[in-house]
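Heads up, the thing below is written out as structure tokens.
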Number of protein chains: 2
Amino acid sequence: MPKQVDHEQRRVQIAEALQRLTTRAGLEGVSLRQVAAEAGLSMGSVQHYFRTKDEMLRYALEHRHKLRSERITAKVLAEGPPTPRSILRACLVEMLPRDPDSEADFLIGVAYFIRAVADPAMAKAFGEGMPELLAFFAGQVREAQQAGDVPASADPETEASLLWAIADSQGSEILMGHRTPAQAVSTVDYYLDRLFTP
Amino acid sequence: MPKQVDHEQRRVQIAEALQRLTTRAGLEGVSLRQVAAEAGLSMGSVQHYFRTKDEMLRYALEHRHKLRSERITAKVLAEGPPTPRSILRACLVEMLPRDPDSEADFLIGVAYFIRAVADPAMAKAFGEGMPELLAFFAGQVREAQQAGDVPASADPETEASLLWAIADSQGSEILMGHRTPAQAVSTVDYYLDRLFTP
């Protein structure tokens, strides 16, 4: 189905243009016209794929998640046989803004958060990916418990929320220059050291 | 010095007007004119105290922190002799948006965060209160270690960052309706249970 692939490529092209334009100044100043120009497409073509900036933003976020998953998988596999700890560590570290690329990723999340605070429909859409991610984290914790690497007393669902909180909050602190990426990574390792105490 | 007190009251009056106007829609739509009307003051009077919305926002944030500290102190003392654990718990729970008042407080923080992401000067100002707060948290952990209530292996500074992260990230999740206040409070207790393991 070459036609289908082409549509998908066009959406990615638009999402990436939006991401390049969404800097620290946020989404508010970005117009559909600018996105079209940045993507090298006509306004009509952009509007064929996305009706609103919010739709575009949502797609950009999903696209970013997909790329990140691929990067995490590649990274974990490159380190040798994956373990729950190496998988969780890679997920958390990958979420942190550590270089221009990961900062751009984090900023798309911030843009989404800003819209979600103002708009319950956006908040709902933003939240749709959360249960899946948290369930994945909880599953890794559970697997480590079965292997005897995490105490049976740990609650996998609460651990998943804590792991998310660490990367989420520290990512914001890095963005504001209150914390260095190295400090944030060392906090992630500190937390994992304590969690993975048989 | 009655004159001095009057100036301070005027600033509080303006800060509270700004806070009432800063809803989920954020600061962007709020004009100095609206703040003046909401505070029942003239534009000139507001401009005498604050040159920009950002100055006002900063003052509102400091004012909010002061009120929160007073509430936390009152709450902790009402529960009996304060302990590091009761103090830390009160600080974290008080940060979470649990009712319209604490939600308004959290939203002022979000408004500040949104500005700070776009503006390094705002980020720097926002970050000025952080070391003091983190040092306070670390001090409580250290005190608990000396009393034998927290393992000596815990690192007080890293614990302070983790405690902040839990309240910060979960507050955002509550705001977006992804998490209930009760779930967030129970996550705080879960974390403190593990930290306070002699």
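What you see is a predicted model, and the numbers here were worked out from it, not measured in a lab. So you know, we letter chains A, B, ... as the sequences are listed, proteins then strands, and number each from 1. These values consider heavy atoms only, across backbone and side chains, with no hydrogens, waters or symmetry-generated copies.
We find the OG1-CD distance between A/Thr187 and B/Glu159 to be 9.5 Å, quoted to the nearest 0.5 Å. The distance from the OH atom of A/Tyr191 to the OG1 atom of B/Thr158 is 13.5 Å, given to the nearest 0.5 Å. With values rounded to the nearest 0.5 angstrom, A/Trp164 atom CH2 is found 15.5 Å from B/Ile166 atom CD1. Taking CG of B/Leu162 as the start and CD of A/Gln170 as the end, the distance is 6.5 Å to the nearest 0.5 Å. A distance of 11.0 Å separates CE of B/Met122 from CE of A/Met176, quoted to the nearest 0.5 Å.
Among residues 70-86 of chain B, no residue has any heavy atom closer than 4.5 Å to a heavy atom of chain A.
Criterion: ILVMFWY side-chain heavy atoms under 4.5 Å apart, direct or through other members. Under it, B/Tyr59 and B/Met43 are part of a common hydrophobic cluster. Cluster annotation: A/Leu67 and A/Val93 are assigned to distinct hydrophobic clusters (Ile/Leu/Val/Met/Phe/Trp/Tyr, side-chain heavy-atom contacts under 4.5 Å, transitive).
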Open item on the list: Quick one, B/Leu107 with A/Val117, criterion side-chain contact (heavy atoms from CB on, under 4.5 Å). Give me CA distance, side-chain angles, the key distance, then yes/no.
Closed with: CA-CA 9 Å; B/Leu107 283 170; A/Val117 168; 3.7 Å; yes

Task: CA sep, side-chain torsions, deciding dist, call: A/Phe113, B/Val110, side-chain contact (heavy atoms from CB on, under 4.5 Å) - done: CA-CA 10 Å; A/Phe113 169 68; B/Val110 168; 4.0 Å; yes

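If you measure heavy-atom distances from A/Ala154 to chain B, the contacts under 4.5 Å come from both the backbone and the side chain. Interface remark: B/Arg115 contributes no atoms to any contact with chain A (heavy atom separation under 4.5 Å). When heavy atoms are compared at a cutoff of 4.5 Å, A/Ser161 approaches chain B solely by way of its side chain, counted from C-beta outward. In this structure, chain A has a heavy atom under 4.5 Å from the side chain of B/Glu173, while its backbone stays farther away.
B/Arg194 and A/Ser153 are not linked by any side-chain donor-acceptor pair at a separation below 3.5 angstrom, with hydrogens and angles left out of the test.
For the set B/Ala123, B/Ser172, B/Pro120, B/Ser186, the entry with the most heavy-atom pairs within less than 4.5 Å of chain A is B/Ala123. Note: B/Ala165 leads B/Pro131, B/Ala167, B/Ala165 in heavy-atom pairs under 4.5 Å with chain A.
Remark: B/Arg20 CZ is packed, more than 12 non-hydrogen atoms of other residues, nucleotides or ligands lying under 6.0 Å away.
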